[in-house]
Amino acid sequence: MSSDKVKISLKDGSVKEYPRGVKVEDVVRDIGEGLYKASACVKLGGKFADFGSGIEKDTQLVVLTKKDPEALAVLRHSAAHVLAKAVCELFPNVRLGFGPAREDGFHYDIVSDKALSQDDFDAINNRMAEIVKADLPFVRKVVSADQALAWARASGQKYKIEAIEKLGGADGDEPGSADVSSARGTDVPSVDNHAQDARATNEISLYETGDFVDLCRGPHVRTTALIGCVEVTQVSGSYWLGDEDNDKMQRVRGVAFFSKKDRDDYFNMLEEAKKRDHRRLGVDLDLFHFEDDAPGMPFFHPKGATIYNALLDYSRRLQRKAGYVEVKTPLVLSEELWKRTGHWDNYLENMFFSRRLTAVTIKDGDAMAVVRDEETGYTLAKDASEEDDRRMAVKPMNCPGHVKVFGDKRRSYSELPIRISEFGMVHRRERAGVRHGLLRVQAFTQDDAHIFCTPEQIESEVVGAIKLIQKLYSSFGFEDIHVELSTKPEKSIGSAEVWERAENALAVALKTASLDFKLNPGDGAFYGPKIDFHIRDSIGRSWQCGTVQLDFSMPGPDRLDVSYIGADDKPHVPVMIHRAMYGSVERFLGILIEHYAGEFPVWLAPVQATILPIVSKVNYYAQQVAEKLLDRGVRVTVDERGEKVQRKIREAELQKVPYMLVVGEKEAQLGSVSVRRHGEGDQGVLSVDDFLAQIEKELRV
RNA sequence: GCCAGCGUAGCUCAGCGGUAGAGCAGUGCUUUCGUAAAGCACAGGUCAUGGGUUCAAAUCCCAUCGCUGGCUCCA
């Protein structure tokens, strides 16, 4: 093996020899000028590299073109640099944070004296277009930490200074420090951790794009000209390193594509997603609405309530079969109770409280002054005494109620496990700005259950709960589900040992159920670790729905103090498993609306069939058919208005009613219906009985 | 809670210092009609709320509430 040559193997299996240190660019050009022109970025030995890199050892070279999905992630990151360059040129004193590629585009967090708004987008977009047109190569410069610091200081990039210090400046062995090329969260998988790279190689890289220099691990596409389309889509707030206590930054978000067509496809997709938005469909299909007077608390209309109840019915059926019993417990319980459960210390800011006001008398046309108790924040009428006002709190969780049901009588080990379920409405205060239609509300119903069992029963009960949740989800065709295991948070009750035991138990159960899961450290409930099930909505956001949580604390003597009598004739504290399947019925319904784009399967559809008489003469027949369907449990309406059938059909289609039954004089004579299926059109004539036989197959899950 | 934007008729939106507009929905009348919108007429708003600037405010300013997109947080 020659020492001044390197062997480079290519995608087609061929191997070529070049002088050691040959530049990637020259190799690609040598393979073919056409390939070079089509190339976006390259991978050496499976890792992204730059065109300017020298090749020092035998390796494999893969050239990626516009068609490679991986190249798109690189492109987006390069677009972030173009954005940064544009913003730095347009506005004074811009300090840059991180500018990663994201799942659907890219963003750059910046601090600027100017608050950016939509009015600035045109200017930024135009400048970016100029930069793209200028065909500027992305040039990688490897420097020492000191050199990088000198650059950052000279250019006043305070966040870059911080980033460099975290990177290579120190002998940095703290894990999880700054990742320079990508921010937290939704990073593209192909972008690795700069920090680790930098520590491993003790090198820091800067990228030059024309006269613009940015600290960055790379990789980048060959030149700005490869960016077919780039535009700013929105600007929002963020924090340096994602920490609320750090400096506020402006997050400028954008999208970038290789071609105009990709761009148009993307925006069309967004349009489609917008059409499925459950808030839009909630209005169009008359399912629910919100009021300023009850923020984040939905008012379900008859049609929405129908779907809602269908969901409850289904959950109820599943649970009955699985050995759950159903209870109903109070919405409002005393503050003392919430102190005992630990909610007072751990969940206070999310709770709604009651206050008692005595009658307010009218004096001089004004309501009598009320007194504000500054310490508690309570407002009381002057003549209401503290003793009068036994303070109550609206429940944010159902668990204490269920513990109370469990503890109301002597329990024997032979009764266990006891699975207590409830469609329990809870209220939780949310910080302003986080509410989102049905997906994030302040009042919601959980299909909640608490399983009281012995330590030996934990695994089988947790596995059973997981299986039930999976079965439920499969009925709706949800495939993109991911599972997380969350461990002890900062604010918590119970000892470290108890937590460890509970976390292990959940992990074992997940393994038994052979489920892949992501570990989510520090994200457990305050009383115990949890398994969460997450479902994606139509525009890719992931929402937590079902959950299984293990709790050794709340039933214990320090808290609500319940027990069962064991075989040893002594009292024991039961293990409590918290479990919800839909999670929040409201949220699940919101996801379903988007999932089905409002076109519910028949068993969920608020109106399953609507009968459309062609002339008012046959209204009597329409009513007869309706009665027959109603008797068989079909949710049916009759459109008796004096409108043309075309109009009735159009409106029924817009309301996404699965079956439209057109009836005229012919049908009235024959005892038949002309069946039209939503979205599919005319299905021909059936006798009423044949139609019933058809729809009945779809009435149940 | 933070950043940016928004709040005009039931819905979608126009008006952006000079006496509130359209389409759809609604109501009334006419039309009885075969698979995605019949015709005519009428009615509907303290322009989110409260202050301020101005001869004059839906329009400009401030505050509050709510909504939207993010950040942060969560079912």
Side-chain angles (χ1 to χ4, degrees), chain A residues 107 109 115-120 183-185 233-240 242-253 277 279-280 283-284 286 289-296 347 349-350 396-397 426 428-442 444-448 486 523 525 530 532-535 543-547 549 578 580-588 590-591 612-619 641-655 660-667 674-685:
Chain A
H107 71 243
D109 285 341
L116 296 179
S117 78
Q118 268 189 322
D119 302 337
D120 303 306
R184 46 207 302 291
T233 52
Q234 55 192 201
V235 55
S236 59
S238 67
Y239 300 98
W240 171 235
D243 188 334
E244 243 179 299
D245 295 329
N246 289 343
D247 292 358
K248 272 174 236 149
M249 307 187 84
Q250 300 186 67
R251 174 162 296 183
V252 189
R253 299 181 64 177
D277 190 316
R279 293 165 301 183
R280 176 77 255 146
V283 174
D284 291 347
D286 195 16
H289 85 276
F290 288 91
E291 294 270 340
D292 285 4
D293 287 318
Y347 212 72
E349 56 273 30
N350 291 303
M397 295 187 192
V426 295
R428 297 182 186 175
R429 278 191 188 278
E430 296 290 355
R431 300 171 76 185
V434 303
R435 298 195 288 259
H436 181 89
L438 291 179
L439 299 184
R440 189 75 181 270
V441 291
Q442 294 200 121
F444 58 100
T445 298
Q446 296 180 305
D447 59 334
D448 209 356
S486 299
D523 208 32
K530 60 181 185 179
D532 293 325
F533 294 80
H534 297 249
I535 297 178
W543 295 94
Q544 186 176 330
C545 292
T547 179
Q549 313 174 352
H578 304 242
M581 303 202 286
Y582 294 132
S584 147
V585 179
E586 282 75 359
R587 171 178 290 179
F588 201 83
I591 293 170
L612 313 177
I614 294 166
V615 290
S616 54
K617 223 189 289 180
V618 297
N619 281 357
R641 294 174 306 162
E643 297 288 350
K644 295 176 73 166
V645 74
Q646 283 92 328
R647 187 185 188 100
K648 296 182 181 181
I649 287 171
R650 175 179 156 81
E651 289 178 10
E653 288 283 0
L654 290 174
Q655 286 295 304
M660 286 148 276
L661 306 177
V662 178
V663 296
E665 300 199 56
K666 271 185 283 177
E667 286 77 8
S674 176
V675 180
R676 183 188 168 99
R677 183 94 210 217
H678 167 65
E680 289 170 27
D682 199 346
Q683 310 280 292
V685 177

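In the text below, chain A, chain B and the rest are named by the order of the sequence lines, each starting its count at 1. Source: prediction; values computed, not measured.
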- Using the P atoms only, state how far B:C65 lies from B:U19, rounded to an integer number of Å. 34 Å

- Message: Taking B:C62 as the reference, what is the distance to B:A57 when you measure between their C1' atoms (whole Å, please)?
- Response: 15 Å

- Does A:Arg641 come within less than 4.0 Å of A:Glu651, counting only side-chain N to carboxylate O? yes

- Using purine N1 to pyrimidine N3 plus N6-O4 or O6-N4 for Watson-Crick, or N1-O2 and O6-N3 for G-U wobble, each under 3.5 Å, what pairs with B:C40? B:G28

- Message: Any N or O donor-acceptor pair under 3.5 Å from the base of B:A75 to the side chain of A:Glu430?
- Response: yes

- Query: At under 4.0 Å between heavy atoms, what does A:Asp682 touch on the DNA or RNA strands: base, sugar-phosphate, or nothing?
  - Reply: base

- Query: Taking the C1' atom of each, how far is B:A43 from B:A9, in whole Å?
  - Reply: 11 Å

- Distance-only donor-acceptor test (3.5 Å): side chain A:Arg431, base B:C71: no

- Message: As a test of understanding, state which of A:Arg677, A:Arg676, A:Arg647 forms a salt bridge (Lys or Arg N to Asp or Glu O under 4.0 Å) with A:Glu653.
- Response: A:Arg676

- Taking for each residue the nucleotide of RNA chain B bearing the nearest heavy atom, is the 5' side occupied by A:Gly296 or by A:Asp523? A:Gly296

- Hey, is the side chain of A:Arg676 pairing donor to acceptor with the base of B:A36 inside 3.5 Å? yes

- Is a side-chain donor or acceptor of A:Gln549 paired with a backbone partner of A:Thr547 at a separation under 3.5 angstrom? no

- Inter-nucleotide C1' distance (B:A20, B:G69), Å rounded: 31 Å

- Most 5' of A:Gln646 and A:Leu439 on RNA chain B, judged by nearest nucleotide: A:Gln646

- Message: I'd like to check, for A:Trp543, whether its ring lies over the base of B:A75 with centroids under 5.5 Å apart and a plane angle smaller than 30°.
- Response: no

- Is there a Watson-Crick or G-U wobble partner for B:U68 with both distances under 3.5 Å, and which nucleotide is it? B:A4

- Please determine, for B:C73, whether a Watson-Crick or G-U wobble partner exists with both distances under 3.5 Å, and give it or none. none

- C1' atoms of B:G7 and B:C47, separation to the nearest Å: 10 Å

- Query: With sugar-phosphate meaning primed atoms plus P, OP1 and OP2, does A:Ser616 contact a base, only sugar-phosphate, or nothing at under 4.0 Å between heavy atoms?
  - Reply: base

- Sort out the partner of B:C60 for me: Watson-Crick or G-U wobble, both distances under 3.5 Å, none otherwise. B:G52

- Item | Whole-Å distance separating the CD atom of A:Glu653 from the C1' atom of B:A37 | 13 Å

